[in-house]
Student: 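First the structure, which I've put down as structure tokens, then a few questions once you've had a look.
Naming convention: chains lettered A, B, ... in sequence-line order (proteins, then strands); numbering from 1 in each chain.
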Number of protein chains: 2
Amino acid sequence: MQQLRGNLHLLKKLNQTRILDFIRKQGPVSKADIAEGIQLTFMAVSKLINELNEIGILRVQGVGKSSGGRKPILYDLNPDALYVIAIDLSSEDIKLELVNFHTELIAQRHIPAPPDKEPASYIKIIAESVRQMVADAKIDDTKLIGIGVSAPGPINTHSGEVLFPPNLPKWEIVPLQHLLQEALNIPVKVEKNANLSALGEKWFGVGSDVDNIIYVLLGDGIGGGIIIDGVLYKGNQFGAGEIGHVTIDHNGPRCNCGNYGCLEAMASSIAVVKRIQKELLLNGGKSHSYPANEQVNITAVMKALSHQDELTVRVIEEASYLLGIGLIGIINSFNPQKVIIGGNLPQAYPKMVEIAASVAKTRVIPVFRDKLNIVPAALGERSAIAGAAALILEEIFTLHLT
Amino acid sequence: MQQLRGNLHLLKKLNQTRILDFIRKQGPVSKADIAEGIQLTFMAVSKLINELNEIGILRVQGVGKSSGGRKPILYDLNPDALYVIAIDLSSEDIKLELVNFHTELIAQRHIPAPPDKEPASYIKIIAESVRQMVADAKIDDTKLIGIGVSAPGPINTHSGEVLFPPNLPKWEIVPLQHLLQEALNIPVKVEKNANLSALGEKWFGVGSDVDNIIYVLLGDGIGGGIIIDGVLYKGNQFGAGEIGHVTIDHNGPRCNCGNYGCLEAMASSIAVVKRIQKELLLNGGKSHSYPANEQVNITAVMKALSHQDELTVRVIEEASYLLGIGLIGIINSFNPQKVIIGGNLPQAYPKMVEIAASVAKTRVIPVFRDKLNIVPAALGERSAIAGAAALILEEIFTLHLT
DNA sequence: AGATATAATTCAGACTATAATCTAATTTAG
DNA sequence: CTAAATTAGATTATAGTCTGAATTATATCT
């Protein structure tokens, strides 16, 4: 392949991606619509469309209504033109999805994580499952353009290495991209789950109408993904988005990261669990929702929450308040169009987002108040895997000049 | 003029700007150097260079050393090709600079702000001074390509309006860009001072070697400018960078913004002054450095600081600590390559940056620690006006595809 | 002095977007 | 029902940009 230069190839590629992205967003459209929509001459569009149609990337999707002239021929992405595999792996399980060019789900698998949690075992299981899934779906495997992988961070996106993920102690430096690429012979891209959740919501969820997004992933820890001008912002060492580690009380409790009073140490689901444990101890361990002989963990908390256990609700609402406090600084610094909040806790208890939003709304810089938009994630647990698919599809629909 | 489209003009413009930017950064270079440097064919470069040379944008700057072949002809930006005016206006004064294409200072003026502080008076004074300055410098005024203006925020960069700046109560909605453009008939761009300080340090100061920068302006308030991938990030409502309003103590003192425990309420120079006032009262107002009959203001504090007054030093060092705390969250969220700290207080007391840096360094996520880079601003009070010049020069040296 | 290396020029060619003109199909006015 | 107007699309010629090979110019190295 040639190197990326400021040449005619680039120009063509630019216009191609602009056309494809326009079609993706607008559905079946005519050449004239496209020319109008992306400000290119009709002829340039016509030529490119004909080419894309001949290759099979596009297909004719009937004719549209005339508004006083020849009926327009409508073009659409050919769903069978390309396929993408998305993978979401965690310490507990592995999720796989096969997605077509229309971003429709063709097949999916859920597999428990290998008991030994060794990287090699993960790779083996993934490779097998992918091969099976592709075979079962009877896909022409030359049409598989890539695999997007969501993994627990930190990740060096450039080298495709996962670096000492806290939840997978046996993983040290794992060249995940390289290993999967070798095993399956398909291009692989790896990105951390919080970032891909953000990307997923941008492509398929509540972020589709905006370009500057902060995604907050409130799980065991609190992570985040930042999208600026429609593009993931990764930061200097691929570490951007660690919004769990903003200080909201510099005299607060110690956090795993070494700092004191981090948002994560006070409002993550682990912090909530700890808090409940502590209060139970103070109360002498008496509670209907938390039998003395059972462990207090996130599952138990979720269960108690479903019964609206008073203690649980109170602790979570306190966490919601603190989340709101943490968001203030982030909103004032970034001035995003939308803040999207996902993760197990807010999903189980939607009021969490409401509370955080109302706290943030009363305390954020007045000018930002009116247009402040704090919303729950739309895709739930699928955000990350949807983002993994988007990570690959992005290559076709957007051109990054760098 | 034609509309901007993904066409050949765009391609040419792209390569032109890449070439000019390369020359700006690398100094006198040969065509071969450029071709190598920006990954374009020698021929494409040769043609563009010849063109730019003929128009007078470039000039031949002698010949270089041969490394075993024909001596290269070295090209350089022609300093006399273009001129830019930069303006920095505040409630106290107006600074003007005339800068050539080499970003060398040709002329400058300092004028006190008009006593009535009315927008119209500002415009009148500025217009007159600019005309004078240009006339005195004997510049061909067709070569003046634009005026960059640094003003107190908030500013709608798009419309060029300054919106209710706190320090200029008589200014409500002032269409500064429009007014100056009318008065002087030269393209004008307006941007808030913190953002331009960031841009100034990126172009001419300590930020020149990096692309992801947080600039902290610690003055009466605490503002900031964010540069991502070399480009100013403005946020949704042009409000990004209000890093003075991150919460570092959610039970802290009330801030002007309505929130509690903002960094600005605890570490800005106003906060420092207030704190000193308070402590003096508690001590019965006795102090060598703060005579009872004089007002305690920032000037007095600076003076006391120069005598290393104990109370003053202590309060400022506390503020430095809090600044460090505030930076933690920002660094963990953005993972910038460099944090640049400017403003009157850190400039007067460089140890402030050291203290903040060391606090942040011990508390930031361990992975970020090694490459953490917190440095004082290099341009001092000139950051903003330098940025104002860069704001205009940017149009020539970078191409924004949007 | 001759071989080799580097820089720049010349000229022909490939590719992309544009512009003007034409064909086809359909609606709308009368 | 017919003709004019409208819209979509095709054809052809053209201009502009980058590319590539061959050539010229100039230095260094042996």
Student: Between D/dC18, D/dG20, C/dA17, which nucleotide gets closest to the side-chain atoms of A/L48?
Tutor: C/dA17
Student: Under a 4.0 Å threshold between the charged nitrogen and the carboxylate oxygen, would B/R59 count as salt-bridged to B/D80?
Tutor: no
Student: Can you figure out which of C/dA8, C/dA17, D/dA10 approaches the side chain of A/N15 most closely?
Tutor: C/dA17
Student: Rounding to an integer number of Å, can you tell me how far A/N53 CG sits from D/dA10 C1'?
Tutor: 15 Å
Student: Any idea which of D/dT17, C/dT18, C/dT9 is nearest the B/K12 side chain?
Tutor: D/dT17
Student: Does OP1 or OP2 of C/dA7 have a side-chain N or O of B/S66 closer than 4.0 Å?
Tutor: no
Student: When you measure from the side-chain N and O atoms of B/K31 to the phosphate of C/dT9, is any distance below 4.0 Å, counting only OP1 and OP2?
Tutor: yes
Student: Between A/E51 and B/A32, who's closer to the 5' end of DNA chain C by nearest nucleotide?
Tutor: B/A32
Student: Tell me which nucleotide among D/dT26, D/dT17, C/dT23 gets nearest to the side chain of B/R70.
Tutor: D/dT26
Student: Just how far, in rounded Å, is C1' of D/dT17 from CG of B/N50?
Tutor: 15 Å
Student: Please check the phosphate of D/dT19 (OP1 and OP2 only) for any side-chain N or O of B/T41 closer than 4.0 Å.
Tutor: yes
Student: When you check the gap from the basic side-chain N to the acidic O, do A/K189 and A/E395 get nearer than 4.0 Å?
Tutor: yes
Student: Rounded to the nearest angstrom, tell me the gap between atom NZ in A/K65 and atom C1' in C/dA25.
Tutor: 17 Å
Student: Side chain of B/L40: nearest nucleotide among D/dT19, C/dA8, D/dT11?
Tutor: D/dT19
Student: Starting at CG of B/L8 and ending at P of D/dT19, how long is that distance when rounded to a whole Å?
Tutor: 13 Å
Student: Can you tell me how far P of D/dC18 sits from CD of B/Q39, to the nearest Å?
Tutor: 15 Å
Student: Using a strict threshold of under 4.0 Å (side-chain N to carboxylate O), is an ion pair present between A/K202 and A/E394?
Tutor: no
Student: Which of these, B/L232, B/I226, B/L391, sits in a side-chain contact (heavy atoms from CB on, under 4.5 Å) with B/N195?
Tutor: B/L232
Student: Given C/dA7, D/dT17, C/dA17, identify the nucleotide with an atom nearest to the side chain of A/K47.
Tutor: C/dA17
Student: Just compare C/dA17, D/dA27, D/dG9 and give me whichever is closest to any side-chain atom of B/K71.
Tutor: D/dA27
Student: Which atom pair, heavy atoms only, marks the closest approach of A/K192 to A/A240?
Tutor: NZ-O, 3.2 Å
Student: Is B/T17 reaching over with its side chain to a backbone N or O of B/K13, donor-acceptor style, under 3.5 angstrom?
Tutor: yes
Student: Counting only side-chain heavy atoms from C-beta out, which of D/dG9, D/dT19, D/dA10 sits nearest to B/A44?
Tutor: D/dT19
Student: Look at the side chain of B/L11 and decide which nucleotide, out of C/dA7, D/dA10, D/dT17, has an atom nearest to it.
Tutor: D/dT17
Student: Could you give the CG-to-P distance, from B/L58 to C/dA8, as a whole number of Å?
Tutor: 13 Å
Student: Roughly how many Å is it from CG in B/L10 to P in C/dT18, rounded to a whole number?
Tutor: 11 Å
Student: Between atom OH in A/Y75 and atom P in D/dA8, what is the gap in whole Å?
Tutor: 13 Å
